[in-house]
Amino acid sequence: MRIATWNVNSIRSRIDRVEAWLERSDVDVLAIQETKATDAQFPFDRLQALGYEVAHHGLNHWNGVAIVSRVGISDVTPSFPDAPAWGDPPVVEARALTATCGGVKVTSVYVPNGRQIKDPHMVYKLEWLAQLRRQAQLSVDAGETAAIMGDWNIAPQDEDVWSMEYYLDKSHVSPGERAAFQGILDAGFVDVVRPHTSEPGTFTYWDYTRLAFQKRRGMRIDFILGTPAFAARVAGAAIDREERKGKGASDHAPVVVQLED
DNA sequence: ATGGTAGTATGACTA
C-alpha cells in the first residue's frame, strides 16, 4: 500500500495536477491539505472517476483537509477533541480529518502557520499542537496502526531550512514550535520519511517568491508521523520534488510512503 | 529594497 500527503494550495486550481499525479504515483491513500473549498466547491466527481473515495472537511475558502482512498474509507471524523478555535467569533477551523483506510487510521493535518514568533496565531498554533499531542498519545497507547500526516508548518531541525540565518527570529524554527513537534514524537510517533530522505537540502516546500525553488531555498515542513505499529510496516519513502516544477505547481511537494502488506 | 508570487469570498488578506 502506498500512502501520501500533499498540501495542494487549492483543490480547485490544482485538480488537473492532482488527477495526473494520482494516476502516475499509484498511491492508494492521499491526505490533502489546503483544499480552500467548501464541500459544495470540492471536485468529488473528478477523484471518484479515478476510483477513489473521498472524505473532505472544508468550511470556507481557508484551510480545508481531505483524504482520498481506493482501499476503503470509514470512521470519517472531522477535527479532533479539544481542538482550539480561532477568529472572531472563535471557530474550530477545518485543519484536521481522520479516517480509516485499508486498516490504517489516517489523519490529515494542516497545522496553524503561527505567522510570527510574537503573534496570537503562534499561541493558537502551540495550543493546537498540544491538543493534537493528547490524541497522539491515546493512539499510541491503544496500539493503533495510525499516521498523522500533513503540513506541520515546523522545520524541526536546522538542516530542514535552506538557511538558519534567514529564518532566525522567524516562525517555523523557534524552540517553542520545535518543542511542540517533539511532543508528538515523545508521544511515540515516528518520522517514517526522514530515514529514507536524509540527503542534505531535502525539502518539501519552496516559497513561490524570489525563485526559491530554482535556488533550492526550501523547508522540510511536511511530515508523515506514524505509530510504532505503522512505522514497522514502512518499506520506503520519497519526496516528489518533480511535482514542484513547472507552471501551476503547488508550493509543496507530495510526500509518499510505501507500506508492506 | 516589507520587495517577490499565488491563492481566495480579490483593491485585502493568507501563506
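Naming convention: chains lettered A, B, ... in sequence-line order (proteins, then strands); numbering from 1 in each chain. In this text, all values refer to a predicted model and were calculated from it rather than measured experimentally.
- Evaluation of the side-chain contact (heavy atoms from CB on, under 4.5 Å) rule for A/R216 yields A/R241 as partners, not counting sequence neighbours.
- Residue contacts for A/N60: at a heavy-atom cut-off of 4.0 Å it reaches a base atom on one of the strands shown.
- By the ring pair (Phe, Tyr, Trp, His ring centres under 6.0 Å) test, A/H57 is found to be paired with no residue, residues two or more places apart in sequence or in another chain being considered.
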Stepwise side-chain hydrogen bond (donor to acceptor under 3.5 Å, both in side chains) test for A/T227 and A/E144:
CA-CA 7 Å; A/T227 60; A/E144 293 177 346; over 6 Å; no
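- With rounding to whole Å, A/I11 atom CD1 is found 19 Å from B/dA6 atom P.
- Stem analysis of DNA chain B (at least three stacked-register Watson-Crick or G-U pairs, each with both distances under 3.5 Å) gives B:5-7 with B:13-15.
- Using atom C1' as the reference point in both B/dG4 and B/dT14, the two lie 15 Å apart (nearest Å).
- Partner of A/Q33 under the side chain to side chain donor-acceptor pair (under 3.5 Å) criterion, out of A/N9, A/T5, A/D222: A/T5 alone.
- A search for ring pair (Phe, Tyr, Trp, His ring centres under 6.0 Å) contacts involving A/Y208 returns nothing, not counting sequence neighbours.
- In this structure, the side-chain contact (heavy atoms from CB on, under 4.5 Å) partners of A/N113, at least two apart in sequence or on a different chain, are A/R115, A/H121, A/N153, A/S171, A/H172.
- Rounded to a whole Å, the CG atom of A/D207 is 13 Å from the P atom of B/dG7.
- One atom, OH of A/Y208, and another, P of B/dT14, lie 18 Å apart when rounded to the nearest Å.
- Rounded to whole Å, the distance from CG on A/N7 to C1' on B/dG7 is 11 Å.
- A distance of about 15 Å separates the C1' atoms of B/dT10 and B/dA15, rounded to the whole Å.
- In this structure, A/R70 pairs ionically with A/D26, as a charged nitrogen and a carboxylate oxygen lie closer than 4.0 Å.
- Comparing B/dT8 with B/dG3, their P atoms are spaced 23 Å from each other, to the whole Å.
- As a whole-Å value, the separation of A/R217 CZ from B/dT5 P is 15 Å.
- Per the geometry, CG belonging to A/L211 stands 18 Å off P belonging to B/dG3, to the nearest Å.
- Heavy-atom nearest nucleotides on DNA chain B were determined for A/N63 and for A/S13, and the one closer to the 5' end corresponds to A/S13.
- Listed nucleotides: B/dG4, B/dA6, B/dC13. Nearest to the side chain of A/W62: B/dC13.
- One atom, CZ of A/R17, and another, P of B/dA6, lie 12 Å apart when rounded to the nearest Å.
- Every residue meeting the side-chain contact (heavy atoms from CB on, under 4.5 Å) condition with A/L185, not counting sequence neighbours, appears here in chain and number order: A/F181, A/Q182, A/L225.
- A heavy atom lying under 4.0 Å from DNA chain B marks the following residues of residues 35-43 of chain A, by number: A/K36, A/Q41.
- Spacing between atom CG of A/N9 and atom P of B/dT8 amounts to 8 Å, rounded to whole angstrom units.
- The ring pair (Phe, Tyr, Trp, His ring centres under 6.0 Å) search around A/Y52 returns none, not counting sequence neighbours.
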Output a table of donor-acceptor pairs, distance under 3.5 Å, between side-chain atoms of residues 80-90 of chain A and any protein atom two or more places apart or on a different chain; print 'none' if there are none.
from  : atom 1 : to     : atom 2 : distance (Å)
A/D82 : OD2    : A/R134 : NH1    : 2.9

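- Comparing the C1' positions of B/dA12 and B/dA6 gives a spacing of 14 Å, expressed to the nearest Å.
- Comparing B/dA15, B/dT5, B/dG7 by their closest approach to the side chain of A/T209 singles out B/dT5.
- Within the 4.0 angstrom heavy-atom criterion, only backbone atoms of the sugar-phosphate kind lie near A/Y110; the bases stay farther away.
- For the pair A/G248 and A/R210, both in contact range of DNA chain B, the more 5′-proximal nearest nucleotide belongs to A/R210.
- With both ends at atom C1', the span from B/dC13 to B/dT2 equals 15 Å, rounded to whole Å.
- Put simply, A/R115 has no side-chain N or O that comes within less than 4.0 Å of OP1 or OP2 on B/dC13.
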